[in-house]
There are 2 protein chains.
Amino acid sequence: MNEEYAAKCLAELGSPTRLAVFRLLVRAGHVGMVVGDLQRRLRIPASTLSHHIARLAWAGLVEQRRRGRSLHCFARTDVMDGLVTYLTAECCAGFDDEKTDQPAA
Amino acid sequence: MNEEYAAKCLAELGSPTRLAVFRLLVRAGHVGMVVGDLQRRLRIPASTLSHHIARLAWAGLVEQRRRGRSLHCFARTDVMDGLVTYLTAECCAGFDDEKTDQPAA
DNA sequence: TTTATATTTCGATATTTCTAGAAATATCGT
DNA sequence: ACGATATTTCTAGAAATATCGAAATATAAA
């Protein structure tokens, strides 16, 4: 995970619809969900949903595998874990003055 | 932190420029950085930078306080912590089959 | 009170993104 | 081959966003 890729993932997750899709897929675990499931769940037109899933897949956050007529979608939780690790290391506290202050000066 | 606000924060952090601003501010801790510091560091026009800082502030991720002619900027690491906690709980593994599987079935 | 500094607001343009209907594609069952 | 199902691609208008120069604002210093 680097800054550029982190920004890409954040941007793709930063849409209410896409975040909802991703959450549903995370909860579905490695069983995944087919696009139609997601559509019935989210009540949005197929083309719109397809667009959002494509963006998540483009960012590497979602994987799709065709099985018969259906496309199974899975959340790449390993990528998400990498993102969270990156954010924790680079964007959370830890550069605070407790660290940089001279102790007992 | 709820889904809607999480999406907002993610969207605002999902710009390379804004993520860079936020990282710099995190590293600056509670000392913060003035806008001019950020500008010299990132080499982008003042108006563009101002726009991005305003968005981060609008999302609550950055706080600004005027001191004299300068505007000091601070990263709201507490908000960031909340976001990371949310992502960990809602978007990372944990709904996986290790959990839902029958143990020793 | 004039001048310098720091930053924002305005305005204009270029680009991206969102949304969703219509058409196309892929796969299956018959 | 045909019809049904599942999903994507195409297309386009509307809305949002990015960029940056110029002008405006706020504060301090001389």
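Owing to the predicted nature of the structure, the values given are computational and were not obtained by experimental measurement. Computed from heavy atoms alone, side chains included, the values below leave out hydrogens, waters and symmetry copies.
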Q: Given Val21(A) and Leu49(A), is the side-chain contact (heavy atoms from CB on, under 4.5 Å) satisfied, shown in steps?
A: CA-CA 9 Å; Val21(A) 167; Leu49(A) 178 57; 3.9 Å; yes

Q: How many Å lie between CZ on Arg65(B) and C1' on dT7(C), as a whole number?
A: 18 Å

Q: Starting from P on dT7(D), measure out to CD1 on Ile53(A) and report it in whole angstrom.
A: 8 Å

Q: How about Met33(A) and Cys73(A): do any of their side-chain heavy atoms sit closer than 4.5 Å?
A: no

Q: So if you build clusters from Ile, Leu, Val, Met, Phe, Trp, Tyr with side-chain heavy-atom gaps below 4.5 Å, do Phe74(A) and Leu25(A) land together?
A: no

Q: Would you kindly give the NE2-to-C1' distance between His72(A) and dT27(C), to the nearest whole Å?
A: 13 Å

Q: If you restrict it to nitrogen or oxygen atoms, what contacts under 3.5 Å exist between nucleotides 27-30 of chain D and the protein, and what is each distance?
A:
none

Q: Round to a whole Å and report the spacing from CG of Leu49(A) to C1' of dA20(C).
A: 12 Å

Q: Pick base, sugar-phosphate or nothing for Ser50(B), based on heavy-atom distances below 4.0 Å to the nucleic acid.
A: base

Q: What is the distance, rounded to the nearest whole Å, between atom CD of Gln39(B) and atom P of dG21(D)?
A: 11 Å

Q: Of all heavy-atom pairs between Ala59(B) and Cys9(B), which one has the smallest distance, and what is that distance?
A: O-SG, 4.2 Å

Q: Between the main-chain N or O of Glu12(A) and the side-chain N or O of Arg18(A), is there a donor-acceptor pair closer than 3.5 Å?
A: yes

Q: Measure from CG on Leu42(A) to C1' on dA20(C) and round the result to the nearest Å.
A: 16 Å

Q: Between dA6(D) atom P and Leu38(A) atom CG, what is the distance in whole Å?
A: 14 Å

Q: With respect to the phosphate group of dT7(C), does any side-chain polar atom (N or O) of Gln64(B) fall under 4.0 Å of OP1 or OP2?
A: no

Q: Rounded to the Å, how far apart are Met33(B) CE and dT7(C) C1'?
A: 15 Å

Q: Between Ile53(B) and Gln64(B), does the side-chain contact (heavy atoms from CB on, under 4.5 Å) criterion hold? Intermediate values first, please.
A: CA-CA 9 Å; Ile53(B) 295 175; Gln64(B) 297 188 94; 3.5 Å; yes

Q: Do the side chains of Arg65(A) and Arg67(A) get nearer than 4.5 Å, heavy atoms only?
A: no

Q: Is there a donor-acceptor pair under 3.5 Å between the side chain of Arg66(B) and the backbone N or O of Gly68(B)?
A: yes

Q: Show each protein N/O and nucleotides 14-19 of chain D N/O combination with a separation under 3.5 Å, one pair to a line.
A:
{"unit_1": "dT17(D)", "atom_1": "OP1", "unit_2": "Arg55(B)", "atom_2": "NH2", "d": "3.4"}
{"unit_1": "dT17(D)", "atom_1": "O5'", "unit_2": "Arg55(B)", "atom_2": "NH1", "d": "3.4"}
{"unit_1": "dA18(D)", "atom_1": "OP1", "unit_2": "Arg18(B)", "atom_2": "NH1", "d": "3.1"}
{"unit_1": "dA18(D)", "atom_1": "OP1", "unit_2": "Arg18(B)", "atom_2": "NH2", "d": "3.4"}
{"unit_1": "dA18(D)", "atom_1": "OP2", "unit_2": "Arg18(B)", "atom_2": "NH1", "d": "3.4"}
{"unit_1": "dA18(D)", "atom_1": "OP2", "unit_2": "His51(B)", "atom_2": "NE2", "d": "2.9"}
{"unit_1": "dT19(D)", "atom_1": "OP2", "unit_2": "His52(B)", "atom_2": "NE2", "d": "2.7"}

Q: Hey, what do you get for NZ (Lys8(B)) to CG (Leu83(B)), rounding to the nearest 0.5 Å?
A: 13.0 Å

